[in-house]
Amino acid sequence: MTFKFQKSKELYDRAFKVIPGGVNSPVRAFKAVGGTPIFIERGSHAHIYDADGNEYIDYCMSWGPLILGHADNEVIESIIDTAKSGTSFGTCNHLEVKLAEHIVSFFPSVEKVRFVNSGTEAVMSALRLARGYTGRDKIIKFDGCYHGHADYLLVAAGSGLATFGTPDSDGVTRANAKDTIVLPFNEVEKLEKVLKRKSKHIAAIIMEPVPCNYGLIRPLPGYLQKVRELCDKYEILLIFDEVITGLRLARGGAQEYYGVMPDLTTLGKIIGGGLPVGAYGGRSDIMSKVAPEGPVYQAGTLSGNPLAMAAGLATLQKLERINAWNLLREKATRFSELVNNAISKYQENLLFVALESIFSFAFTRQKEIIKVTDIKNANMKLFAQFHREMLKRNIYLAPSGFEVGFLSTAHTNEDFEKTAQAIGESLKTIFD
Ligand SMILES: *Cc1c(COP(=O)(O)O)cnc(C)c1O
């Protein structure tokens, strides 16, 4: 293997001088896995090509949005066509209506939806709305769930009972953190205890119905239902952050997949087809509190931007037309078979976790991942080694063992076979 990263290195050196850490989002810096971040020049189907001309099979897929693969023809055409008529008007536009109609028809609990420009913004807005609607200040989130970088969500303090948050980032004030209560995911009793004492102050429970930002954690059977029941009992709004799971686990996201309806849903990633989009939506009586209909203010210069709406719309239409969720399930089944085969010799040390088209590798002796602590205890040094070995074999995984991988409709059986072979070789290098 003759691998050159010369151009990526040069670009990274230049970037480092003018961009903090050389990156516009921290995990991209490869700190968790070592080495130089690769600079990608282009993508096609499931493949990406870096500045030095190396080709990779991509399992990061821009962190999830590219469910149809890179540079999907229909998505690109719709962006080009739309751009010819202008990039932004700051007025109403038919594409935002169309995309909103699609989202409302896809997501069983969403009656009205408002577009913003990122998942972070969607979550911030949904929580402001929940607070405005209930007149309560506090929110409950779960340890290990990522909801973007809003101040009061950068809190994942210990998973102790009713831990009042302490900030995870400098610059987040105690005042911001104090209204966030952090609890362990998949543990009903702790939630019940906190609600018994504090429910009158709690506006919302926000959760990734399937946590995908700290490895991949499945909700235990009945857990989401139980959270829903508790929210009903204490008149607390339930917010599903479906920025990853929406349109991925199923057409209508985790809410359809598990049959549990939240009051509000936040979306992002896939609904923008690779352009910056977020959205929040839900019950009509709650969404009617958003300005200008109601008193909860939220706005955006580029919100509902025609290019982003066009890319999202093209993505949703194609997903539906090709019945992507069946296709992805078939692909995921095949992928899992091959991967499980490739790792069978190393099962003592490595767990492959998958749910539909989402997966993660955990270097742990544990047999299942149920709690955040199960992943905290995994060996991230081994993951870093694994990442480097895979990269050498032209497989691009997200550069952190806490991140999940994604399949797209563009991944082929040949891609999977090559990947399985690379996994086998990489593990052999590491363990044998
Ligand atoms: C990515 C992500 C966000 C944040 O979205 P951005 O577009 O990066 O701001 C929020 N919630 C979840 C579950 C995510 O995976």
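We count ligands from 1, going down the list as the structure has it; atoms in each ligand are counted the same way.
Of all atoms in ligand 1, listed by their number and element, those nearer than 4.0 Å to a heavy atom of I244 are 15 (O). Atoms of ligand 1 found under 4.0 Å from any heavy atom of S118 (numbered from 1 in listed order, with element): 7 (O), 9 (O). Applying the 4.0 Å criterion to heavy atoms of E208 picks out, from ligand 1, the atoms 13 (C).
K269 NZ, 1.7 Å is the protein heavy atom nearest to atom 1 (C) of ligand 1. Among protein heavy atoms, the minimum distance from atom 7 (O) of ligand 1 is reached at G119 N, 2.8 Å. The closest protein non-hydrogen atom to atom 8 (O) of ligand 1 is T120 OG1, 4.5 Å.
At least one test fails for R14 against the ring of F39: distance under 6.0 Å to the centre or angle within 45° of the axis.
In this structure, F335 has its ring center under 6.0 Å from that of Y59.
Neither the backbone nor the side chain of E242 comes within contact range of ligand 1; no heavy atom lies under 4.0 Å.
Inter-residue side-chain proximity for I181 and K198 is flagged as met; some heavy-atom pair is nearer than 4.5 Å. In this structure the side chain of I358 never reaches within 4.5 angstrom of the side chain of V210, judged on heavy atoms. Residues I423 and F386 have side chains in contact (heavy-atom distance under 4.5 Å, counting atoms from C-beta outward).
Ring planes of F383 and H387: tilted class, angle from 30 to 60°. Ring geometry for Y214 versus F402: interplanar angle of 30 to 60°, hence tilted.
For a threshold of 3.5 Å applied to N or O pairs, the pair formed by V243 and ligand 1 contains no separation below that value. Residue-to-ligand polar distances keep E121 apart from ligand 1: every N/O pair is separated by 3.5 Å or more. The shortest N or O to N or O distance between D241 and ligand 1 is under 3.5 Å.
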